[in-house]
Visitor: 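Dropping a structure here in structure tokens format, bear with me for questions.
Numbering starts at 1 and runs along the sequence shown.
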Amino acid sequence: MKFGPADIEPYLAIFGRYLREQRLPVTQQRVAVAKAVFSSPRHQSVEDLDAVLREKDLRLGKATIYRTLDLLVRSGLVEEHDFGEGFRRYEHRLSKDPVHHHLVCTESGEVIEFRSEELTRIVEDTAARHGFRPTHHKLVIFGLSRASQESGAEVPYRGLTCPIETT
């Protein structure tokens with residue numbers, strides 16, 4: 001599992017520099033959102049971040065949180081994920097292992113990170129075979145976590161359906 005850096009100040013400074021380069025002000029609200037993202041080991045939604053900020057008696061509008069997340073993503077310090085839940089999650093890229101993949105439990109929403117040297121080799125070999133130069137890649141595997149399976153969850157059948165009744 002990946003955790004946030006113990007000292008996030010250097011990353012806040014990088015974000016501040018990015019904002020100034022974009023001729024944008026370094027506001028307390030933007031810094032507060034960045035701190036909340038950088039301090040967490042989780043893949044956070046806007047709702048999660050709003051709750052964290054409210055716990056600290058910071059009441060920011062969701063529009064401010066969304067705009068700040070967009071800036072963090074554009075800066076390259078944060079990655080945006082769509083795990084098929086109907087909303088996006090955000091993860092800082094400050095770990096010792098920035099290249100990793102995700103297992104997403106469709107029952108509980110748990111996100112498990114993993115790294116695979118074999119997958120890295122497959123990506124590199126496939127790209128080389130096609131004369132392709134990859135810049136990045138994502139792998140997300142959806143299914144049921146061990147805990148969900150042990151609690152009795154089952155994978156629902158999602159076979160083909162016919163829109164025409166044949167009775």
Visitor: Could you tell me if Y90 and Q44 have a donor-acceptor pair between their side chains, going purely by distance under 3.5 Å?
Guide: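 Not at all, the side chains of Q44 and Y90 share no donor-acceptor pair under 3.5 Å.
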Visitor: Given 3.5 Å as the limit, does a donor-acceptor pair link the side chain of T120 with the main chain of S116, or not?
Guide: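 Looks like yes, one N/O pair under 3.5 Å.
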Visitor: Could you tell me whether the side chain of H81 reaches within less than 4.5 Å of the side chain of R88, counting heavy atoms only?
Guide: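 No, side chains not in contact.
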Visitor: Starting at CG of L12, measure out to NZ of K35 and round the result to the nearest 0.5 Å.
Guide: 6.5 Å
Visitor: Please tell me if the side chains of F38 and V78 come closer than 4.5 Å, counting only heavy atoms from C-beta onward.
Guide: yes
Visitor: Considering non-hydrogen atoms only, spot the tightest contact between E107 and S148 and give its length.
Guide: CB-OG, 3.5 Å
Visitor: Does D50 pair with R54 as a salt bridge, N-O distance under 4.0 Å?
Guide: yes
Visitor: Check step by step if side-chain contact (heavy atoms from CB on, under 4.5 Å) holds for H92 and Y11.
Guide: CA-CA 10 Å; H92 62 70; Y11 305 104; over 6 Å; no
Visitor: Between the side chain of R89 and the main-chain N/O of H43, is any donor-acceptor distance below 3.5 Å?
Guide: yes
Visitor: Output all residues satisfying side chain to side chain contact (heavy atoms under 4.5 Å, CB included) with E110, sequence neighbours left out; order by chain, then residue number.
Guide: C105, S108, I112, S145
Visitor: Do S39 and I8 have side chains that get closer than 4.5 Å, going by heavy atoms?
Guide: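 The answer is yes, as the side chains (C-beta and beyond) meet within the 4.5 Å cut-off.
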Visitor: If you take all heavy atoms of L144 and Q149, which pair is closest and at what distance?
Guide: O-NE2, 2.9 Å
Visitor: Is the shortest side-chain N to carboxylate O distance from R17 to E21 below 4.0 Å?
Guide: yes
Visitor: Side-chain polar contacts of residues 59-72 - donor-acceptor pairs under 3.5 angstrom, sequence neighbours left out - could you list them?
Guide:
residue, atom, partner, partner atom, Å
K62, NZ, E47, OE1, 3.1
K62, NZ, E47, OE2, 2.7
T68, OG1, T64, O, 2.8

Visitor: For Q22, give me all partners under side chain to side chain contact (heavy atoms under 4.5 Å, CB included), at least two apart in sequence or on another chain.
Guide: Y18, L24
Visitor: How close do V52 and A36 get, counting heavy atoms only, and between which atoms?
Guide: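 Looks like CG1-CB, 4.1 Å.
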Visitor: Is the shortest side-chain heavy-atom distance between V26 and R20 below 4.5 Å?
Guide: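 Yes; the side chains approach each other to less than 4.5 Å.
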Visitor: Ignoring hydrogens and angles, tell me if any N or O in the side chain of T126 forms a donor-acceptor pair with the backbone of I122 under 3.5 Å.
Guide: yes
